[in-house]
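The structure under discussion appears below in the form of C-alpha cells.
Every chain is numbered from 1, with letters handed out A, B, ... down the list of sequences. Since the structure is predicted, the reported quantities are computational estimates derived from the model, not experimental observations.
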Amino acid sequence: MTMMLLNSASLRGGCCRHETLLQLLGPLLSHSKLYSSYRRPGAEPEKKTLWQNADFSFKKGFDVLKTQLSLLKEETQNHLVGPEGRPFSEYLLEQTRVLWQFRSQEDLNKWIISSDVEIGGKSEVYLKLSRNNQGALLYGTLNTEAPRDGETKYSGYCSMRAKPRLGSFRRKKYYDWSNFNSLYLRVRGDGRPWMVNIYTDPYFSHQKDDLYNYFMFTRGGPYWEEIKIPFSKFFLSSRGRVQDSQHPIWLDKISTLGFTIGDKVDGPFQLEIDFIGLLNDRAHTEEFAYEMYDKNTPV
Amino acid sequence: LISATSLLLGTSITISSNHWMMAWVGLEINTLAILPLISKSHHPRAIEASTKYFLTQAAASTLLLFSSMTNAWFSGQWDITQLTHPMSCVLLTTAISIKLGLVPFHFWFPEVLQGSTMTTCLLLATVMKFPPITLFFLTSPSLNPTLLSLMAIASAALGGWMGLNQTQIRKVLAFSSIAHLGWMTIILIYSPNLTLTAFYLYTVTTSAIFFILNTTNTLKLSTMMTAWTKIPPLTTIFMLTLLSLAGLPPLTGFLPKWLIIQELTKQGLTIMATTITLLSLLGLFFYLRLAYCATITLPP
C-alpha cells in the first residue's frame with residue numbers, strides 16, 4: 001500500500017493519473033465485475049467510448065429521423081386497425097398463432113446466438129437454414145471445460161434468443177400472448193434436453209435477470225416432434241437460480257423467447273426448428289403448476 | 001384492515017384539512033397505506049406496480065410540499081384556500097396532476113392498475129383520487145385556466161386514443177379514468193361543484209364496473225366473452241353500466257357531461273366543449289366494444 005502511494009505521488013504530475021487511480025482503487029473494485037480491469041478471454045477488446053463512436057453527420061441524422069417518423073406513422077395506422085396491427089375480430093377468434101417461422105435469412109436475422117465463448121469457454125454454436133429452407137438449424141459443439149481465469153467454475157452452454165422488438169424511436173415493444181395458454185413448437189432434436197426461456201423485460205433493473213424457464217426434451221430421430229408446453233409450467237428463475245417464491249408468467253408483456261442447452265455433456269448438438277407458435281388449448285385448465293397452496297398457514 | 005383504516009384516515013385528514021401540512025400528511029398516509037395492497041401477491045409485476053406508484057406519488061407529494069412552502073414564504077400563511085403565488089399554483093397543478101394521472105403525467109397509471117388486483121384497482125381509481133380532487137376544488141380560484149384546459153383536453157384525447165386497442169380490462173379502465181379526469185378538470189375553474197359531481201358519479205359507476213369484473217373474475221376481453229354464461233342478469237347490468245360510463249343518454253353518466261358542456265358554453269368556450277365532446281367518442285368506441293364482448297358474443 002505504501003509503495004503504491006509513493007508511486008502515485010511520483011506519477012501525479014504525469015499523464016498516468018487514471019492508471020494510478022485504478023491501481024489505488026484496484027483492491028476496492030476487484031470484487032466488482034463492472035470495473036475490473038481484467039478482460040476475460042472471450043470478451044471483446046475495449047471498444048471506443050460512446051462519445052468517440054457518435055456520428056455527428058447531419059444527413060445521416062436526418063435519414064434516421066425520416067425512418068423513425070415513417071415507423072411512427074405505420075404504428076399509428078396499425079393502432080387504428082387493432083391490437084398489434086391486426087383486426088380485433090382476429091384477436092378475439094384466434095386460437096393458434098405462428099410467431100416465428102424459419103424460411104429465409106431474414107427470419108434467422110431476428111435471432112441472436114451466443115455461447116460460453118463470452119466468458120472464455122470453448123463451446124461453438126451456429127445457426128443456419130436447414131435443408132430446402134424448411135427450418136432453422138441450430139448446431140454446434142458443447143464443451144464444459146471451464147475457462148482458466150481463477151473465477152469461473154462452470155462452463156458449457158449455447159443459446160439462441162429472439163431479438164427484442166423495437167418500435168419507432170427505439171422504444172421497446174412487447175408481445176401480447178394473453179389469448180393463449182401454451183407454446184407450440186415443431187422441432188427435430190437429437191435427444192438432448194433443452195431449456196426454453198421467456199423474458200418479460202421488467203421496468204426496474206432489480207428484476208432484469210428474471211427469466212421464466214421450462215425444459216424441452218427432444219427425441220433423436222428422423223421424425224419431427226410437436227411439443228406443447230403450457231405457460232402454467234414455466235417457473236421463475238433469477239440469474240439462473242430457481243426462486244423459492246414462484247409466480248405464474250403474465251403473458252401480456254413478453255419480450256423475448258430463447259432456447260439454451262447446458263446439460264453438462266460434451267459433444268455435438270443439433271436442433272432443427274420449423275416454427276414456433278402459440279396455442280389456446282381449451283383442455284388445459286391448470287393456472288399454475290407450482291405451490292398454489294397457502295404457504296403461511298397459521299399453526 | 002390496517003391498510004383500509006389508514007386509507008380512510010388519510011383521506012379524511014386531507015379532505016378536512018385547512019393547513020397544507022395536514023393535507024400533505026393525509027396524502028402520504030394514503031400512499032403508504034395502499035402500497036401493501038398493491039404488492040400483496042408479491043408477483044414481480046405487482047412489485048413493479050407498487051414501486052412505480054410509490055415513486056410517482058412521492059415525487060408528487062414533494063412537489064406539493066414545495067408549492068405550499070413557496071406560497072408560505074411569499075404570502076406568510078399556510079391556508080389551502082389562500083394559494084396566491086403563481087409559481088405555487090403551477091407547481092400545485094403539476095403535483096396534483098401527477099397524483100391523479102392527468103396527461104402528461106399519466107404513464108404510471110395503466111401499469112399500476114395492470115399490476116394490481118381488481119379491488120385494489122377500484123381503490124386506486126376512486127378513493128385515491130378523492131383527496132387530490134378535493135385539493136383542486138379548494139384551490140380552484142387560483143389555478144391557471146389555460147394549463148388546466150390543455151391538460152384536460154390532452155387527457156380526454158389520450159385516454160380515448162390509448163384505450164382503443166387495449167386487450168387487458170384493467171388498462172382499459174385506467175384509460176377510461178384518465179379520460180374522465182379530463183372532463184372533471186376542464187370545468188374545475190368555472191364550476192368546481194360540477195367537478196365534484198362528475199367525480200362522484202364516475203366513482204359510483206366505475207365501482208359497479210370493478211365489482212362486476214371482480215365477481216366474474218374477468219381480466220381480459222377474451223374471458224369477458226364467456227362471462228355472460230355465469231350470471232346473465234349481472235351481464236345486463238354490466239352492459240348498462242358501461243354505457244352509462246360512456247355517457248349515453250338517458251343513463252346517469254350523461255348528466256355530468258351534459259352539465260359540463262352547458263357550463264362551458266355559458267362561459268363562451270364552445271370550441272373547447274365541442275373538442276372534448278368529440279374526443280369522448282373515442283371512449284365511446286371502446287366502451288361499446290366492451291359491452292359488445294360482454295353481451296352479444298358467443299364463445300368461439
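Only the side chain of B/Leu55 comes within less than 4.5 Å of a heavy atom of chain A; its backbone N, CA, C and O stay farther away. With a 4.5 angstrom heavy-atom cutoff, A/Ser238 does not touch chain B via any of its atoms. A/Ser178 touches chain B through backbone and side chain together, each having a heavy atom under 4.5 Å away. Only the backbone of B/Ser41 comes within contact range of chain A, judged by heavy atoms closer than 4.5 Å.
Between A/Asp201 and A/Lys172, at least one side-chain nitrogen of the basic residue sits less than 4.0 Å from a carboxylate oxygen of the acidic one, meeting the salt-bridge criterion.
Note on A/Asp176, A/Asp252, A/Asn280: by heavy-atom pairs under 4.5 Å with chain B, the leading option is A/Asp252. Annotation: maximal heavy-atom pairing with chain A below 4.5 Å, among B/Gln168, B/Arg289, B/His42, B/Gln114, occurs at B/Arg289.
In this structure, A/Phe215 has its ring center under 6.0 Å from that of A/Phe235.
The distance from the CG atom of B/Leu281 to the CD1 atom of B/Ile276 is 12.0 Å, given to the nearest 0.5 Å. Note: B/Leu100 CG to B/Ile96 CD1 = 6.5 Å, rounded to the nearest 0.5 Å.
In this structure, a donor-acceptor pair under 3.5 Å is present between the side chains of A/Ser114 and A/Ser159.
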